[in-house]
Novice: 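Sharing a structure, written as structure tokens. Questions coming.
What you see below is based on every heavy atom in this structure, not just the backbone, and it leaves out hydrogens, waters and symmetry mates.
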Amino acid sequence: MDELGLVSIGSAASAAEVPEWRLRSWEASGLLTPARAANGYRLYSSADIRRAVELREASNSTNRLGMFATAQREAACEDAPAALTAEPTGAGEGRRMRILRRLAHEIRHVDDLGHVLGTALESALGMVNAEIGALSYADISTQRYVLAAHRGLSAAYVRGIDTWNLHEGLAGEAFGLREPLTIVDLSTNNAVARDVVHAERLRGYLCVPLLRGQRRLGIIEVFDQEPRVFSADEVQSLELIGACVSSIVESLVLTQELGFLRDERAKVLREWTVQALAAADTERAELARALRAEADGLESDEHGAAGRVAAARVRSLAGRIEGDQRAWVDMVPLVREQIVDGWSQHAGKRVQLEVAEWPASLPLELTTRLYLLMHSLVALAVRAAESRVALRLSGDEQAMWIQVCDDRAAAPSDDQITAFAPEVVASVKRLGGSLATVRDSDGLLGVRVLLPLSAVRPEGHTLTSRERRVLEALSIGSSNRAIAAELGISPKTLQNHLSAIYRKLGVASRAQAMRFLR
């Protein structure tokens with residue numbers, strides 16, 4: 001301690017039994033006013049240390065507003081003109097109740113979360129008789145703020161918000177410390193480094209963090225263009241607004257995090273699928289080379305005619321291995337088990353599956369994309385349905401489609417589809433398909449995803465289960481009449497199936513189809 005009875009921040013922190021960052025936080029909030037040495041170092045008096053002890057005890061007893069009110073009253077009396085202080089009145093209490101009732105009504109009855117958060121910001125500004133403010137939630141993945149609502153701020157200020165680090169500046173201090181922060185005059189505060197704040201001529205400042213349990217979700221900021229001391233009642237009013245909307249902000253944050261995790265999962269699944277297929281291709285090529293080398297050995301004179309016959313067979317086997325298509329998967333059992341049964345059990349709503357002329361198998365590299373698409377469609381329908389969702393997988397010679405309907409009161413419009421399910425729209429676009437509203441045979445309303453065969457199978461080899469049976473019968477040499485009789489169809493219908501098979505395989509005759517199979 002020097003001759004004036006002042007000590008450094010380290011000594012003051014030890015004497016008050018609090019960390020140094022807590023003393024700096026209380027100073028930024030206006031709760032402590034240490035002196036400054038010529039070199040800029042903080043110097044604390046015995047009165048400062050006593051107040052720090054009182055603040056520590058009040059903070060430990062969770063009476064934050066009580067300690068805030070005491071300190072603010074002292075600061076208001078000592079440093080601020082009377083015109084800058086706000087006095088609560090009975091009329092003010094009635095006004096605050098009206099504001100809260102309006103916000104409660106919006107939360108109960110409005111589905112648009114952005115609109116609700118806009119109302120929350122207006123409520124916060126109304127509580128403290130201010131006209132400038134912003135409500136932002138935290139994006140943990142980027143460590144940035146996402147602006148949800150703003151009033152009275154310029155376009156330049158708004159553009160800059162999403163570039164601010166979560167722990168940057170005064171807002172970052174309130175967010176990090178989980179404590180409200182007030183500044184009487186930003187223009188004289190050395191902690192304000194952003195030129196845009198000075199350009200806006202913002203002076204009085206109040207920031208309240210949005211909290212839910214241990215989660216820090218975002219901030220509400222209120223500004224005044226004149227110096228201002230925000231009272232404890234005003235701080236408490238903003239915290240009340242924050243408590244009302246914290247669950248909504250949390251849902252936005254969780255939705256954003258879920259979308260990020262879903263995208264990462266899809267990316268990983270696609271990468272693993274590509275790697276597995278590449279490894280299988282390499283192994284198949286190496287096996288074919290080994291077989292051909294073996295065939296070359298069998299053709300030597302010492303093995304005679306039998307060796308040459310065996311060599312031909314081995315070469316034929318090598319050709320078949322090289323000509324095999326990539327792994328194909330029947331995804332229907334997985335859809336039934338994971339999507340249909342899984343959502344039925346999870347949501348307590350009946351999810352039905354109908355499969356008609358859906359390909360018996362699909363290329364492995366596409367099944368993950370189709371599975372994620374179906375999962376998203378059913379998830380959206382389950383959330384909107386009253387009690388029942390119908391999933392139909394079907395197709396014809398030109399396309400295949402995924403149809404999801406539910407028993408909600410009305411079908412979504414095209415605009416609502418685009419706004420409500422952006423991940424579905426993006427996935428469909430990547431597959432070259434399209435979305436349309438539809439009503440099924442039971443009168444349920446929903447959406448249909450149309451996928452052209454060229455998009456689902458770039459090779460053009462998409463065959464229906466009936467066409468595959470025809471092709472299998474061709475492979476064992478059955479006549480057209482025998483095949484038609486076995487399938488219970490007319491020769492003309494069989495010929496239609498054959499025409500579709502030839503077109504999809506890119507061949508012109510039965511003989512070419514057999515060569516394709518071989």
Side-chain angles (χ1 to χ4, degrees), residues 28-30 80 83-84 86 99 102-103 106 110 112-176 180-210 216-231 234-235 237-239 241-242 244-246 248-249 252-253 256 419:
S29 300
L84 298 182
I99 291 173
R102 180 193 172 206
L103 178 58
E106 295 284 317
V110 177
D112 185 347
L113 299 186
H115 180 80
V116 173
L117 293 180
T119 302
L121 177 59
E122 292 176 355
S123 301
L125 295 175
M127 285 286 194
V128 297
N129 292 315
E131 297 179 354
I132 306 173
L135 190 156
S136 307
Y137 63 89
D139 182 350
I140 302 301
S141 62
T142 64
Q143 289 292 295
R144 296 287 189 269
Y145 291 108
V146 178
L147 184 64
H150 65 91
R151 299 291 184 273
L153 295 170
S154 70
Y157 192 100
V158 169
R159 283 194 301 271
I161 288 179
D162 60 2
T163 67
W164 298 2
N165 187 282
L166 290 183
H167 299 281
E168 179 182 355
L170 298 173
E173 194 170 328
F175 180 81
L181 182 146
T182 68
I183 301 295
V184 174
D185 192 348
L186 291 172
S187 66
T188 61
N189 191 284
N190 295 329
V192 180
R194 292 193 173 273
D195 293 337
V196 68
V197 175
H198 299 294
E200 298 279 301
R201 297 181 180 179
L202 301 176
R203 308 288 293 276
Y205 180 69
L206 167 59
C207 181
V208 172
L210 299 176
R216 293 172 295 184
L217 302 170
I219 54 173
I220 298 177
E221 296 177 287
V222 173
F223 301 91
D224 200 308
Q225 291 188 320
E226 298 294 335
R228 178 170 176 179
V229 174
F230 289 92
S231 69
E234 289 173 328
V235 174
S237 296
L238 251 65
E239 290 194 307
I241 297 294
C244 291
V245 299
S246 287
I248 296 174
V249 174
L252 284 174
V253 172
Q256 190 175 57

Novice: Which heavy atom of C207 sits nearest a heavy atom of A171, and at what distance?
Specialist: SG-CA, 4.0 Å
Novice: Can you name the closest pair of heavy atoms from A149 and G118 and give their distance?
Specialist: CB-CA, 3.7 Å
Novice: Provide the full list of side-chain hydrogen bond (donor to acceptor under 3.5 Å, both in side chains) pairs with a residue in residues 149-159, sequence neighbours left out, each pair given once.
Specialist: E122-R151, S154-E200
Novice: Using the test salt bridge (charged side-chain N to carboxylate O under 4.0 Å, His left out), find all partners of R216 that sit at least two apart in sequence or belong to another chain.
Specialist: none
Novice: Looking at C244 and L103, what are the two nearest heavy atoms and their distance?
Specialist: CB-CD2, 4.0 Å
Novice: Quick check: closest heavy atoms across L166 and R144, and the distance to 0.1 Å?
Specialist: CD2-O, 3.3 Å
Novice: The test is salt bridge (Lys or Arg N to Asp or Glu O under 4.0 Å); show your working for R203 and D185 and say whether it passes.
Specialist: CA-CA 5 Å; R203 308 288 293 276; D185 192 348; 2.6 Å; yes
Novice: Do F223 and L186 come within less than 4.5 Å of each other through their side chains, counting heavy atoms only?
Specialist: yes
Novice: Sort out for me which residue in L206, V208, L170 forms a side-chain contact (heavy atoms from CB on, under 4.5 Å) with L181.
Specialist: L170
Novice: For residues 126-139, run the donor-acceptor check on the side chains, cut-off 3.5 Å, and write out each pair with its distance to 0.1 Å, sequence neighbours left out.
Specialist:
| from | atom 1 | to | atom 2 | distance (Å) |
| --- | --- | --- | --- | --- |
| D139 | OD1 | S141 | N | 3.1 |
| D139 | OD1 | S141 | OG | 2.6 |
| D139 | OD2 | T142 | OG1 | 3.2 |

Novice: Taking side chain as C-beta onward, heavy atoms only, is F230 less than 4.5 Å from L238?
Specialist: no
Novice: Determine the minimum heavy-atom distance between Y205 and E221, stating which atoms define it.
Specialist: OH-OE2, 2.6 Å
Novice: Quick check for you: to the nearest 0.5 Å, what is the distance between L125 atom CG and D224 atom CG?
Specialist: 10.5 Å
Novice: Looking at G242 and L210, what are the two nearest heavy atoms and their distance?
Specialist: CA-CD2, 3.5 Å
